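Quick notes on the structure that follows.
Quick caveat, the model's predicted, so the values are computed rather than measured. Because only heavy atoms are used, hydrogens play no part in the values below, and waters and symmetry mates are left out as well, while side chains stay in. By convention here, the first residue in the shown sequence is residue 1. For ligands, and for the atoms within them, numbers begin at 1 and follow the listed sequence.
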Amino acid sequence: MNKPRILSGVQPTGNLHLGNYLGAIRSWVEQQQHYDNFFCVVDLHAITVPHNPQTLAQDTLTIAALYLACGIDLQYSTIFVQSHVSAHSELAWLLNCVTPLNWLERMIQFKEKAIKQGENVSVGLLDYPVLMAADILLYDADKVPVGEDQKQHLELTRDIVIRINDKFGREDAPVLKLPEPLIRKEGARVMSLADGTKKMSKSDESELSRINLLDPPEVIQKKIKKCKTDPQRGLWFDDPDRPECHNLLTLYTLLSNQTKEAVAKECAEMGWGQFKPLLTETAIAALEPIQAKYGEILADRGELDRIIQAGNAKASHTAHQTLTRVREALGFLPDPHQPQ
Ligand code: TYM
């Protein structure tokens, strides 16, 4: 029996942080043997806000290398670059033409990012979720493992599928597969180190708000030393008046691979002076093997290029089959040059 299919991706915008890792990539790694996985570096999404053309290519390679360093195994998973598979842009256009504008204007992430852009909001930023839907639907993905912040985009993807199938499919032959989000219980929303009510984010101006996967030990130590806490003694989870405490305990739980109950017990009597060095040591130890593997992967650039090329070829084959199916359903004249 064929394994269910997974698709997910990360944007090559700056460095990956603990939110990206604990909310998404670690789940990909943990479950990969149960699925047929496609993981893309979504470089087309990275240009929906002003970007630096000098660093885009290198950032794309960095993310691909980090996927491998975090434990993505090519035996189970395909790694590829979104812009190298032209079907992503093409399907996005077809989906654009059936997606009502007001569905996109409602998207929370669009509104948040648009506020930051002021006058310079691009059409691409508004269209971001349609391209994301194309990413997912091209692979007939059954499940999409993401952090909590992507839930609304997944709901939109499902709405687009229902609309396309309704307009252009038959009941016994839907055009597109309906995917489901896979959002983990703990770690799906890692919060900023500077403010426990705000999401940890690559676009936060303060470097002190996040721990990046490639931060050296002394930087991790500094960030945890300076992170926001409160004057209480004793540490516990789930107190709405102590968002930083909940977030830091959750980070410790996930990075030390313990249960919430065990951590609640271990830390119940601790003060911050005792907890912070413990979290620092745990974060450094958890990231050390990823950083070591990342160094090895980058040292063999040729091999990384080969992995990406092989991934692109495999992804392209699958994606073009779906694109052909959608083109047919929409009634286009068949393109004799299109791979079938
Ligand atoms: P990106 O690069 O912004 O985020 C990558 C993944 O990290 C998760 N994430 C978090 N999880 C927990 N806590 C946080 N503070 C945190 N910040 C980010 C995101 O939810 C995401 O899973 N739109 C996607 C990229 C994308 C994609 C796709 C994902 C494009 N096409 C198709 C899945 C399927 C994004 O948010 O990238």
Side-chain angles (χ1 to χ4, degrees), residues 5-29 35 37-49 51 59-60 62-64 66-67 70 80-83 85 87-89 91-92 95 107-110 112-113 124-125 127-158 160 179-204 209-213 243 246-247 250-251 254-255 315 319:
R5 173 79 55 79
I6 269 193
L7 179 125
S8 199
V10 169
Q11 299 181 72
T13 39
N15 221 318
L16 286 192
H17 53 65
L18 278 183
N20 303 128
Y21 178 57
L22 298 172
I25 299 174
R26 201 162 94 159
S27 320
W28 308 353
V29 171
Y35 294 97
N37 310 275
F38 283 86
F39 297 120
C40 57
V41 184
V42 292
D43 52 350
L44 294 170
H45 278 104
I47 66 162
T48 56
V49 292
H51 79 286
D59 287 346
T60 302
T62 299
I63 302 293
L66 274 172
Y67 284 177
C70 288
F80 69 100
V81 173
Q82 184 192 34
S83 71
V85 180
H88 289 249
S89 314
L91 183 62
L95 302 182
M107 293 292 112
I108 296 165
Q109 212 162 64
F110 170 69
E112 284 173 358
K113 288 189 182 173
L125 187 65
D127 205 26
Y128 179 116
V130 179
L131 179 59
M132 180 165 162
D135 299 341
I136 297 164
L137 301 175
L138 279 172
Y139 299 88
D140 290 325
D142 296 280
K143 303 245 157 87
V144 185
V146 283
E148 174 77 38
D149 61 346
Q150 295 304 305
K151 202 168 162 206
Q152 198 188 28
H153 289 163
L154 262 298
E155 280 158 12
L156 179 97
T157 303
R158 289 172 60 87
I160 292 175
E180 275 174 37
L182 205 58
I183 298 174
R184 53 189 300 160
K185 230 170 115 230
E186 306 293 341
R189 198 169 170 78
V190 172
M191 308 310 274
S192 156
L193 296 184
D195 179 350
T197 63
K198 264 175 55 187
K199 194 184 71 167
M200 185 178 283
S201 155
K202 290 179 207 158
S203 61
D204 194 313
S209 68
R210 59 185 164 262
I211 293 176
N212 297 317
L213 296 196
H246 179 80
N247 187 43
T250 304
L251 284 180
L254 294 169
L255 292 172

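Here's the thing with Glu148: none of its N/O atoms is less than 3.5 angstrom from an N/O atom of ligand 1. Residue-to-ligand polar distances keep His153 apart from ligand 1: every N/O pair is separated by 3.5 Å or more. Where the criterion is an N or O separation shorter than 3.5 Å, residue side chain and backbone included, Ser8 fails it with respect to ligand 1.
The ligand atoms of ligand 1 that sit less than 4.0 angstrom from a heavy atom of Val144 are 33 (C), 34 (C). Of all atoms in ligand 1, numbered sequentially from 1 with element shown, those under 4.0 Å from a heavy atom of Gly23 are 11 (N), 12 (C). Annotation for ligand 1: atoms under 4.0 Å from non-hydrogen atoms of Lys202 are 1 (P), 2 (O). Using a 4.0 Å cut-off to heavy atoms of Leu7, the atoms of ligand 1 that qualify are 32 (C), 34 (C).
Within the set Pro129, Ser27, Ala188, Gly147, the minimum heavy-atom distance to atom 12 (C) of ligand 1 is found for Ala188. Distances from atom 19 (C) of ligand 1 to the heavy atoms of Asn247, Asp149, Val146 show the closest one on Asp149. Across Val190, Asn20, Leu18, heavy-atom proximity to atom 15 (N) of ligand 1 is greatest for Val190.
Using a 4.0 angstrom heavy-atom cutoff, His17 counts as in contact with ligand 1.
A donor-acceptor distance shorter than 3.5 angstrom exists from the side chain of Ser8 to the backbone of Pro145, with no hydrogens or angles considered.
Under 4.0 Å from ligand 1, not a single heavy atom of Met191 appears.
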